[in-house]
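See structure below.
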Amino acid sequence: MEDCLFCRIIAGEIPGDFVHRGERVSAFRDINPVAPTHILIVPNKHIASNNMVEPEDEATLGRLFLTARSLAESEGIAEDGYRLILNTGPHGGQEVYHLHLHLIGGQKMQHPMG
Ligand code: AMP
């Protein structure tokens, strides 16, 4: 997907502040962090959104969550806790159409449901 921002970051065509590069999954810091830790964990394969996930992606999706766990530990936020967000579609506030898990922590956050 040559016109996909995150595909281009993964391919090294656009700079990314990488904290993980794996066979299935990569992770880099969000360019506009909303908390002291704000990392985007992305499949290396282009999956536009959760609406496009297929059964064959199951292992990749599992790897996203295992990477989130590992990065939370290496960022020192595992014990205090953190938030994982996966925005989907216009109502979900998705801006970049390459599936990504936000790992956000380092401060106490308000409950998203009020
Ligand atoms: P979402 O609204 O869930 O699609 O989130 C997209 C995220 O991508 C936002 O938090 C942006 O700050 C982030 N973002 C946009 N461009 C870049 C970039 N070049 N490098 C890192 N993060 C980016």
Side-chain angles (χ1 to χ4, degrees):
M1 288 291 291
E2 58 199 27
D3 57 346
C4 168
L5 174 63
F6 288 175
C7 282
R8 295 189 69 193
I9 291 174
I10 292 162
E13 295 169 12
I14 294 175
D17 186 1
F18 282 90
V19 292
H20 174 76
R21 301 214 70 157
E23 192 183 324
R24 294 178 187 272
V25 165
S26 299
F28 48 88
R29 296 192 189 280
D30 196 293
I31 204 166
N32 188 21
V34 299
T37 291
H38 188 168
I39 293 169
L40 302 174
I41 307 166
V42 304
N44 294 336
K45 169 189 171 184
H46 182 81
I47 303 172
S49 82
N50 199 59
N51 287 340
M52 303 303 285
V53 162
E54 301 285 356
E56 69 191 32
D57 300 322
E58 194 170 337
T60 298
L61 299 176
R63 183 56 56 183
L64 285 184
F65 281 85
L66 289 168
T67 302
R69 179 191 170 178
S70 170
L71 289 172
E73 288 169 4
S74 59
E75 290 286 309
I77 60 173
E79 193 172 330
D80 283 342
Y82 50 88
R83 184 165 289 165
L84 294 174
I85 298 175
L86 201 166
N87 296 323
T88 303
H91 283 197
Q94 185 176 5
E95 293 175 351
V96 177
Y97 279 76
H98 181 125
L99 189 143
H100 51 281
L101 202 53
H102 295 253
L103 168 64
I104 301 173
Q107 66 185 36
K108 183 153 175 60
M109 280 162 281
Q110 299 300 309
H111 197 284
M113 310 301 267

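Hydrogens, waters and symmetry mates play no part in the numbers below; they use all other heavy atoms, side chains included. Note that ligands are numbered from 1 as they come in the structure, with each ligand's atoms numbered from 1 the same way.
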Just by distance, do the side chain of Thr67 and the backbone of Arg63 share a donor-acceptor pair under 3.5 Å? yes
Nearest to atom 2 (O) of ligand 1, what protein heavy atom do you find, and at what distance? Gly93 O, 3.0 Å
Heavy-atom distances under 4.0 Å decide this one: backbone, side chain, both or neither, for His102 against ligand 1? side chain
Just jot down the ligand 1 atoms closer than 4.0 angstrom to any heavy atom of Ile9, in number order. 18 (C), 19 (N), 20 (N)
Closer than 4.0 Å to some heavy atom of Asn87 - which atoms of ligand 1 meet that? 1 (P), 2 (O), 3 (O)
Would you say Glu95 and ligand 1 have an N/O pair spaced under 3.5 Å apart? yes
Looking only at heavy atoms of Gly16, does any of them come nearer than 4.0 Å to an atom of ligand 1? no
May I ask you to list the atoms of ligand 1 that are less than 4.0 angstrom from any heavy atom of Asn32? 12 (O)
Looking at ligand 1, does any of its N/O atoms fall within less than 3.5 Å of an N/O of Phe28? no
Of all the atoms in ligand 1, which lie at a distance below 4.0 Å from a heavy atom belonging to Phe6? 8 (O)
In the protein, what heavy atom is nearest to atom 7 (C) of ligand 1, and what distance, to one decimal place, separates them? Asp30 OD2, 3.5 Å
Arg29 neighbourhood, listing ligand 1 atoms whose heavy-atom distance to it stays under 4.0 Å: 21 (C)
More than 12 heavy atoms from other groups under 6.0 Å of CZ on Phe18: yes
Only heavy atoms of Leu40, strictly under 4.0 Å: list the atoms of ligand 1 that pass. 8 (O), 13 (C), 22 (N)
Considering Ile31, Leu86, Val34, which one's heavy-atom position lies nearest to atom 15 (C) of ligand 1? Ile31
Is atom CZ of Arg21 surrounded by more than 12 heavy atoms (other residues, nucleotides or ligands) closer than 6.0 Å? yes
Can you tell me if CE on Met52 sees more than 12 non-hydrogen neighbours from other groups inside 6.0 Å? no
Give me the residue, atom name and distance of the protein heavy atom closest to atom 5 (O) of ligand 1. His100 NE2, 3.1 Å
For a side chain to side chain contact (heavy atoms under 4.5 Å, CB included) with Thr37, tell me which candidate from Ile104, Leu71, Ile77 qualifies. Ile77
Pro36 to Gln107 - nearest heavy-atom pair and separation: CD-OE1, 3.4 Å
Shared hydrophobic cluster, Leu99 / Ile10 (ILVMFWY, side-chain heavy atoms < 4.5 Å): no
Please indicate whether any nitrogen or oxygen in Leu5 is less than 3.5 Å from any nitrogen or oxygen in ligand 1. no
Output field: ring centroids His98/His100 closer than 6.0 Å: no
Note: Lys45-Glu54 ion pair, threshold 4.0 Å (strictly below): no
Pairs under 3.5 angstrom only: tabulate donor-acceptor contacts from the side chains of residues 83-90 to other protein residues two or more places apart or in another chain.
from	atom 1	to	atom 2	distance (Å)
Arg83	NH1	Gln110	O	3.2
Arg83	NH2	Gln110	O	2.8

